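Worksheet for the structure shown next.
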Amino acid sequence: MTDPGKPLFWRDARMPHVELRKVGDGRKVCYAPHSHTQWSLGAITAGESTFRYRDDAYRIRAGSLVMMNPEWVHACNPIGDRPWAYLMLYVEADWLTRLRYAAGLLAAPRWQDIATAVIDEPAWYDGYCRMTACLLDPRRDLLDKQSEVVEYLSALMHRVAGQPTQPLPMPPALLRELAAYLDEHAAEDVSLDALCQRSGYSPGHLIRAFRQHFGLTPHAYLINRRIQRGQRELKQGTPIAEAALNAGFSDQPHFQRTFKRLVAATPNQYRRSLPEQ
């Protein structure tokens, strides 16, 4: 019998732009602040939890939908020892951008952040649950699954369109260059001294300024990128020990601990997706 406290992941190589996580009992599922390269859409299916998103905090409950823009720092966690359950869909930002542009919702095929963070409307929650049930059902055809995703997300994008969003402030050029450097060298041993030398900032000023603009310290940003790289490796079938090294971790136990802290799942749980059609 499946342990409801263990996350289940659904992926289908024929639909690489979407990934689904299901947690039946999230009391032990705790996240450190982190971000994703994908746009994320989740539904609380039972109980309550906290949702921290940039500088805002929400208390969400069964029937709530939550949305997270790419690279926006967030964390969802249980309230005390109260049970809660959720479904989380991760959508590649480029694919969603094309969908929005084709629907006439974007003036150009470039990503635009979505202002809405939480929706408490039964019709949208019910539609989300129908879509995810379709994805999780191995008896449903590929065309059926693709159609459900496109139809639901197209309608939802119309629902949230036209609402002004407060974009992330553009970091100074020096900080953007440092972030790009960390992206490129995420698997390497990067020192604070090297970052200070590249930027001309003092250590304290660098850490404060980077956190102000990216929501994470340079070290936390680096670790977040390493875990994202590890996730890509695991999805491609790379063995855990090799994925750990490729992502920049010196050993597998360190990778496992950090992965669990940011993804709220073990690497082995993550790489085991539910069977495809």
Side-chain angles (χ1 to χ4, degrees), residues 1-11 18-36 38-70 72-91 96 114-140 144-145 148-161 163 165 260-266 269-270 273-274:
M1 189 172 182
T2 303
D3 181 353
K6 290 184 177 180
L8 298 175
F9 294 90
W10 171 89
R11 289 185 287 268
V18 290
E19 176 181 4
L20 182 66
R21 170 201 289 259
K22 179 180 180 180
V23 172
D25 183 351
R27 282 177 290 184
K28 304 301 181 185
V29 178
C30 295
Y31 294 90
H34 63 286
S35 65
H36 307 287
Q38 307 100 323
W39 180 76
S40 308
L41 173 64
I44 308 303
T45 56
E48 294 181 303
S49 74
T50 60
F51 173 42
R52 294 194 173 275
Y53 189 44
R54 292 181 69 184
D55 297 325
D56 298 318
Y58 304 87
R59 187 165 179 152
I60 50 179
R61 58 186 58 83
S64 297
L65 293 180
V66 297
M67 304 181 194
M68 288 150 277
N69 289 313
W72 284 31
V73 175
H74 61 275
C76 268
N77 286 302
I79 300 173
D81 195 37
R82 301 179 191 176
W84 70 298
Y86 68 93
L87 290 159
M88 185 65 69
L89 186 73
Y90 304 93
V91 184
L96 188 59
I114 294 170
T116 305
V118 178
I119 291 179
D120 286 310
E121 298 174 17
W124 291 108
Y125 172 81
D126 293 342
Y128 180 90
C129 290
R130 286 193 298 271
M131 175 189 64
T132 53
C134 177
L135 293 178
L136 292 168
D137 188 346
R139 298 165 299 180
R140 304 283 286 268
D144 191 9
K145 295 184 179 188
E148 287 280 348
V149 169
V150 168
E151 288 184 322
Y152 180 81
L153 290 181
S154 294
L156 183 63
M157 291 302 99
H158 279 87
R159 158 68 175 78
V160 299
Q163 302 179 27
T165 183
K260 182 70 179 293
R261 185 168 59 86
L262 293 187
V263 184
T266 66
Q269 289 169 343
Y270 183 75
S273 64
L274 293 168

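From a predicted model like this one, the values you see are computed outputs, not experimental measurements.
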inquiry  = Given 3.5 Å as the limit, does a donor-acceptor pair link the side chain of Ser154 with the main chain of Glu151, or not?
reply    = no
ask   = Does the side chain of Thr45 reach to within under 4.5 Å of the side chain of Lys22, using non-hydrogen atoms?
value = no
query = If you round to the nearest 0.5 Å, how far is CD of Gln269 from NZ of Lys6?
reply = 6.0 Å
Minimal non-hydrogen separation, Pro33 against Val73, with atom names = CB-CG1, 3.8 Å
key: Separation between CG of Leu153 and NE2 of His158, rounded to the nearest 0.5 Å   = 12.5 Å
message = How long is the straight-line distance from CG of Leu65 back to CH2 of Trp124, given to the nearest 0.5 Å?
response = 9.5 Å
inquiry  = Would you compute the distance between atom CE of Met131 and atom CG of Leu87 and round it to the nearest 0.5 angstrom?
reply    = 9.0 Å
ask   = What closest approach, in Å, do Met157 and Ile114 show between heavy atoms, and which atom pair accounts for it?
value = SD-CD1, 3.8 Å
inquiry  = Quick check on Asp56: does its CG atom have over 12 non-hydrogen neighbours (other residues, nucleotides or ligands) under 6.0 Å away?
reply    = yes
query = What distance do Ile119 atom CD1 and Glu121 atom CD have between them, rounded to the nearest 0.5 Å?
reply = 5.5 Å
query = What pairs with Tyr53 under side chain to side chain donor-acceptor pair (under 3.5 Å), at least two apart in sequence or on another chain?
reply = Asn69
message = Just so I know, are the side chains of Val66 and His74 near enough to count as touching, which here means a heavy-atom distance under 4.5 Å?
response = no
task = State, with a plain yes or no, whether a side-chain heavy atom of Tyr270 is found less than 4.5 Å away from one of Glu19.
result = yes
ask   = Looking only at heavy atoms, what is the nearest atom pair of Gly24 and Ala85, with distance?
value = O-CB, 3.3 Å
inquiry  = Please find the pair of heavy atoms, one from Lys260 and one from Thr266, that lie closest to each other, and give the distance.
reply    = CD-N, 3.9 Å
task = Report the C-alpha separation of Lys145 and Val18 in whole Å, then their side-chain angles, then the decisive distance to 0.1 Å, and conclude whether the side-chain contact (heavy atoms from CB on, under 4.5 Å) test is met.
result = CA-CA 11 Å; Lys145 295 184 179 188; Val18 290; over 6 Å; no
Considering all heavy atoms, the nearest Arg21-Pro7 contact = NH1-CB, 3.8 Å
message = Less than 4.5 Å apart, side chain to side chain, heavy atoms only: is that true for Cys76 and Ile60?
response = yes
task = Could you check whether the rings of His34 and His36 sit parallel, tilted or perpendicular, using 30° and 60° as the cut-offs?
result = perpendicular
inquiry  = The criterion is side chain to side chain donor-acceptor pair (under 3.5 Å); which residues satisfy it with Tyr125, sequence neighbours excluded?
reply    = none
inquiry  = Nearest 0.5 Å, please: how far is OG in Ser64 from OH in Tyr86?
reply    = 15.0 Å
query = So, for Tyr128 and Leu41, which heavy atoms are closest and what is the spacing to 0.1 Å?
reply = OH-O, 2.8 Å
task = Report the residues that fulfil salt bridge (Lys or Arg N to Asp or Glu O under 4.0 Å) with Glu148, sequence neighbours left out, ordered by chain and then residue number.
result = Arg140
ask   = Side-chain contact, heavy-atom cut-off 4.5 Å: Tyr90 with Met68?
value = no
ask   = Any donor-acceptor pair under 3.5 Å linking the side chain of Trp10 with the backbone of Leu135?
value = yes
key: Whether Tyr58 side chain and Ser49 backbone form a donor-acceptor pair below 3.5 Å   = no
